[in-house]
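Report on the structure given below.
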Amino acid sequence: MAGLFVLVEALDRTGVIAWVASMLHIAAADPVKGAAAAGTILAFAANLMNNLPAGLVASTAVMQAHPPRLIVDALLIGVDLGPNLSVTGSLATILWLQAIRREGEDVGFWRFLKVGAVTMIPALAAALGARLLIG
């Protein structure tokens with residue numbers, strides 16, 4: 001867990017988090033479009049780098065940028081639902097797959113991705129859409 005904070009500190013020192021914060025600041029100019037984009041981007045980023053570091057980077061950028069609540073909520077939706085797309089999205093998924101495999105089931109990366117694409121993408125769109133509708 002300490003490694004996550006080291007990673008975030010390294011990203012902060014290299015300017016990555018400041019760049020993310022500046023993107024959130026730009027997104028705040030149009031909160032509805034900005035929220036939709038930010039939540040979607042974070043959902044997919046969580047699959048590339050796992051939801052724990054992605055969420056930590058996003059929360060650190062939020063503390064720097066102070067975006068509107070709508071964008072913060074969209075980021076929370078993205079980091080929560082996004083990892084359901086792929087096996088690498090969250091530690092919980094990896095642990096569940098180990099338990100499933102112990103029971104004799106074999107769920108591989110591509111099979112998980114196919115199911116994830118059919119379920120996560122509509123769920124993400126519905127959750128972001130619902131949040132954007134209530135303003």
Side-chain angles (χ1 to χ4, degrees):
M1 188 60 107
L4 288 176
F5 294 99
V6 171
L7 171 70
V8 171
E9 183 63 26
L11 291 173
D12 193 26
R13 289 183 186 217
T14 59
V16 171
I17 292 180
W19 178 80
V20 173
S22 72
M23 292 297 105
L24 290 176
H25 185 70
I26 291 168
D30 185 348
V32 173
K33 287 182 184 176
T40 302
I41 290 167
L42 184 56
F44 286 96
N47 288 281
L48 297 175
M49 67 185 305
N50 191 277
N51 68 331
L52 292 176
L56 199 52
V57 167
S59 69
T60 305
V62 163
M63 287 189 291
Q64 291 180 14
H66 304 288
R69 183 70 199 183
L70 187 60
I71 291 177
V72 174
D73 290 350
L75 290 169
L76 289 170
I77 291 168
V79 79
D80 186 45
L81 291 177
N84 293 314
L85 178 63
S86 71
V87 172
T88 58
S90 75
L91 177 60
T93 302
I94 296 167
L95 295 174
W96 269 108
L97 284 176
Q98 285 180 345
I100 289 169
R101 288 177 180 148
R102 276 195 303 265
E103 297 298 320
E105 294 293 323
D106 184 33
V107 179
F109 178 83
W110 292 111
R111 183 174 171 199
F112 194 97
L113 184 65
K114 287 176 189 175
V115 173
V118 171
T119 57
M120 184 284 281
I121 294 171
L124 178 66
L128 286 173
R131 178 59 186 98
L132 296 175
L133 283 175
I134 60 173

Practice task
Flag yes if I121 and L81 sit in one hydrophobic cluster, no otherwise; membership is Ile, Leu, Val, Met, Phe, Trp, Tyr, and two members link when side-chain heavy atoms are under 4.5 Å apart.
Solution key: yes

Problem - Same cluster (ILVMFWY, side-chain, under 4.5 Å), L85 and L42 - result: no

Handout entry: Side-chain donor or acceptor of T88 paired with backbone N/O of N47 under 3.5 Å
Key = yes

Problem - side-chain contact (heavy atoms from CB on, under 4.5 Å) evaluation trace for L24 with L75 - result: CA-CA 10 Å; L24 290 176; L75 290 169; 4.1 Å; yes

Handout entry: N/O donor-acceptor pair under 3.5 Å between S59 side chain and L56 backbone
Key = yes

Problem - Check: R111 side chain, D106 main-chain N or O, donor-acceptor pair, under 3.5 Å - result: yes

Exercise for the section: Without swapping roles, check the side chain of T119 against the backbone of V115 for a donor-acceptor pair under 3.5 Å. Expected result: yes

Problem - ILVMFWY cluster, I134 and L124 together (side-chain gap under 4.5 Å) - result: no

Practice task
Output yes when a side-chain donor or acceptor of N51 lies under 3.5 Å from a complementary backbone atom of A46, and no otherwise.
Solution key: no

Fill in the blank from the handout: Note: P83 and T93 closest approach over all heavy atoms is O-OG1, 4.3 Å

Practice task
State whether E9 and R13 are salt-bridged, where the test is any N-O pair (Lys NZ or Arg NE/NH1/NH2 against Asp/Glu carboxylate O) under 4.0 Å.
Solution key: yes

Exercise for the section: State whether the side chain of R131 and the backbone N or O of A74 hold a donor-acceptor pair below 3.5 Å, judged by distance alone. Expected result: no

Fill in the blank from the handout: Q64 and D12 have their tightest heavy-atom pair at NE2-OD1, 3.4 Å

Handout entry: Same cluster (ILVMFWY, side-chain, under 4.5 Å), I77 and L132
Key = no

Practice task
Answer yes or no: is there a donor N or O on one side and an acceptor on the other, between the side chain of D73 and the main chain of L70, under 3.5 Å?
Solution key: no

Problem - Connected via hydrophobic side-chain network under 4.5 Å: V16 and I41 - result: no

